[in-house]
Structures are given as structure tokens and as C-alpha cells.
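Side chains included, hydrogens not; waters and symmetry mates left out as well; all remaining heavy atoms used. As the structure is a computational prediction, the values presented were derived from the model and not from experiment.
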Amino acid sequence: MKNKLKYIFFFFGACAFAQESDSTEVAYKKRVLESTEIDFLASYYKQDGIHSAVSGGRGMENLTDITPTVVVAMPLSDDEVLTIDVGVSAYTSASSGNINPFDSNTPSPWQASSGASASDQLTSLVGSYSHSSDDRNTVWNAHVSGSVEYDYFSIGFGGGLTKLFNDKNTELTVSTNVYLDTWKPIYPKELQDFADYGLGGGIFNYFTITSTTSDPYNPSNFKFHDNKNRNSYSLSLAFSQVLGKKVQFSLFADVLQQQGLLSTPYQRVYFADKVDYFINEFQLADDIERLPDTRFKLPIGTRWNFYLNEKLTVRTYYRYYWDNWGIDAHTASIEVPFKITDRFTVYPMYRYYTQNQSKYFAAYEQHLSTEEYYTSDYDLSTFNANQYGFGVSYTDIFMGSRIWKLGIKNIDLRYNHYNRSDGLKSNIVSFGIKFVMQ
């Protein structure tokens, strides 16, 4: 489901030691991963706003999401690592509940629905394999993934290659990913019932339609989607360079192409040149979101990390984004880790984002029925956003603390507050703990 700000964790570890030997000696190399590592991750996310895309650009956007995840990294040999990532994202949403607001006697875009679409869960599984060369200067990896929720199914696969040069001070990575998704389209209840029964069945048997005209409700623009697939392809390039003892920078770029059903079937649109029809306080849809079946995206960016002293580091990030739907966006962030002790680090952070709207976006009742494409999803509008956060990290490289046979290597706790200029606000608390099998 949409309107969820999404948060992803990536864990990379690599170390190397090589010893040359003649034919009478046995070569030794340090394992890429010494022991099995287990990460337990969890986040709690809550948002609200006033521009629900499900209700055509107005209405509450209340959503709560809980996401537990387990990541297990296992050494298969000195050079090989297998990683399994299993996660569940369970949410409740007043916005998506209004796909069918008519389970209430007083349907309203400002009232939470208790219908089946008001909650769902996404289950995902990712398996990845990596192999490092003997000198640890070449690493290649491959992965396969799958995820499923009530109205969506996705499979993915991809791989990458990393080369290190100049005593590992220079790093170049190329990777590619493919995701093949299938919708099980859910449509706004009034449009589904009108297509199935006309005005002689479904919700129209139980509710009275009100309007300023005597003409009957007739959403003539509406039709079901024929294409139910969405395919995404990406190519990523990254270059990293250590410039000295205190500075490291990286450049990255992605090329992404999407094809298929890129509209969200349950997001309503209201036209300025159509008469309004209501059941109680809820306005009946004129149509659903319609968007092109292709989208090309191009994000490019850079990171600069500065080691100031033993206590303080500064990490900066900038990204420019462009797509052929007319969106240009800029993202800038800064994080300042401060080491309190050898084990405890605190890190305040700030992120700024701004974008201009897609050429297919217009607010509630601003589109015309003669247009080919239209959406009132404020994720595609002009806005800027500020995100403030704070984190605390505990690291014990010797793993003196343990639970059963698991040594605690790292504990991380973060809080972020997000505030968007269109009224959307959210808070997220995330927690992670890494264990090492001993």
C-alpha cells in the first residue's frame, strides 16, 4: 500500500589479510566473515496528514506501521557469505480503509473506516550470496527476493561486482536489479459496485445519493485496468575514494526504468467539470488515478565523510533526482556522530528534501475529465520536507556481553521526526541489535 514512508537498512562488512608463500608453505587468509551474525531490527512508524490520495487529495492520512526484521549472515567458507533477510510490515491505515468507507452509516473522508482494507501486512524474504577473491580486491554478489501483501506480489533478482584498487583506497561497484510485480487490483467501492450492478445493487441499495442535479451518478471515465503487471529495472554505479587520513568521498548514479501498471487502482480522482455526488459526507469518485505505463528515473549523488578527531565525524549526503514525469528533486543531509566513550556514540542528524510537482498532478477537483493522465496523490506534488533525528549506538567489538551463546556486537536506537509542507507529519522509532554466534 502507498503513503508509507519507507526505511531500508544495509549491512556491509569486508576485511582482508593475505600472506604470500612459496610452494612449501600453506597460505593463510582471513575469513570474510568469521562467525554467523544475526541482526534483529524493528521500527514503529506513525503518520497523519490532510491529503489522502485514496480520497482524491483530501481526507485523513493516519497510518501506523510496525516492521520486525531478522537478517542472518552465515560464512559458507573463507570467501563466501550467505545472507537471509526475513521481514514483516504490518500496518493499519484510515486512508486505505476508505477504499470502502461505506461500512459505516456515516461515511466520511475524515473518519477512519474499519473495513478489510484498513489493515494489511507485507511479508518479504531476501536471499543473497557474496564471494570474495583471495586478495579481497574483487567481490561479486547475487540475490533473489519475494514479497507479498493482499493486493500485491513481487519477485526480484539481481547482482553486482565490486573492485578495489590502490591498497583498497579506491572502490568501484556496478550492480543491477530486476523486480517483477503483479497487482491484484482493488478499486474504490462505489466504482466497483457501479461497474458490477449499476445503480441497482451493492452500496446503492443501502445509501441515498445526494447531488445538486437530478442526473444520476455515472462515472463514465472509469474502466478496469487490463494490465496488472509492473516491472522495474535498474543499473547502479558507485565510486568511492579515500582522499587522505580524514576525508572520503563517493559518487553514485542509478538508471531506473519502470513499465506496466504504475497507477494505484484505489486512488480516487475528482474532476472540476463533473457534478459532485455524495453519500453522506463522502464524495463518490469520478475516476481513479491514471498515469503513463512507463517511467524513467535518474538519481545521482555524492557523499563526503570527514574524520575530524577521535571523537567527532561529519557525514554529508546530496542527491539530485529527475524523472520523465516532470519531477525534479534535491535531497541533502548531514549526520554528526560523536563518540562519548569507546562503546557509546550519539549522532544527531538532519535531512532536507524539496521537489516540484509531476506534470500529471493536480489537487482535489482541479483535473478535467478530458485529460489523458491525472492524479491527486500529494507524493507527486510540489513540497519540501524537513527531517530531524537522533541516534545512540553501542558497539562492543570484543562481545563481552552476551545472551546465551550470542555475543552482542552492536545496539542501535534511532528516532526521526518528519514534517512536510503539505501537512504530512510522521515519527519513526527504529531499533537494531547485532549478535555474533560464539
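Summarising the geometry, atom CZ belonging to Phe194 is positioned 4.5 Å from atom CG belonging to Asn218; distances are rounded to the nearest 0.5 Å. The structure places CD1 of Ile428 at 8.0 Å from CG of Asp65, a figure rounded to the nearest 0.5 Å.
Taking the centre and axis of the six-membered ring of Phe383, the NZ or CZ atom of Arg420 falls inside the cone set by 45° and 6.0 Å. Figure legend: cation-pi geometry between Arg58 and Tyr364, with NZ or CZ positioned under 6.0 Å from the six-membered ring centre and within 45° of its axis.
Ion pairing between Lys297 and Asp323 fails under the 4.0 Å rule for side-chain N and carboxylate O. Classification of Lys184 and Asp151 as a salt-bridged pair fails, no side-chain N sitting under 4.0 Å from a carboxylate O. Salt bridge status for Asp287 with Lys223: absent, with no side-chain N to carboxylate O gap under 4.0 Å. Ion pair Arg303/Glu335 not flagged as a salt bridge, since none of the NZ, NE, NH1 or NH2 atoms sits closer than 4.0 Å to an Asp/Glu carboxylate oxygen. In summary, Arg414 and Asp412 engage in a salt bridge, as defined by a charged side-chain N under 4.0 Å from a carboxylate O. Using a cut-off of 4.0 Å between Lys/Arg side-chain N and Asp/Glu carboxylate O, Glu37 and Lys409 are scored as salt-bridged.
For the residue pair Glu80 and Tyr129, a side-chain donor N or O sits within less than 3.5 Å of a side-chain acceptor on the partner. Looking at Lys168 and Asn137, their side chains do bring a donor and an acceptor atom within 3.5 Å of each other. Tyr350 and Asn386 are linked by a side-chain donor-acceptor pair at a separation below 3.5 angstrom, with hydrogens and angles left out of the test. Of the N and O atoms on the side chains of Tyr320 and Asp328, at least one donor lies less than 3.5 Å from an acceptor on the other residue. For the residue pair Asp120 / Ser96, no side-chain donor-acceptor distance below 3.5 Å is found, with atom types taken as modelled. Tyr317 and Asn305 share no side-chain donor-acceptor pair at under 3.5 Å. Using a 3.5 Å distance cut-off with no hydrogens or angles, the side chains of His51 and Asp422 do not pair a donor with an acceptor. Side chains of Thr170 and Gln241: a donor-acceptor N/O pair is present below 3.5 angstrom, by distance only. In this model, no donor atom of one side chain and acceptor atom of the other lie less than 3.5 Å apart for Ser43 and Ser430.
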TODO: Could you walk me through whether Phe102 and Tyr206 pass ring pair (Phe, Tyr, Trp, His ring centres under 6.0 Å), step by step?
DONE: CA-CA 9 Å; Phe102 307 106; Tyr206 303 99; over 10 Å; no
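When every heavy atom of Asp103 is checked against every heavy atom of Asn100, the shortest pair comes out as OD1-O, 3.6 Å.
Taking the six-membered ring where the residue is Trp, Trp304 and Phe249 present parallel rings, their angle staying beneath 30° rather than reaching 60°.
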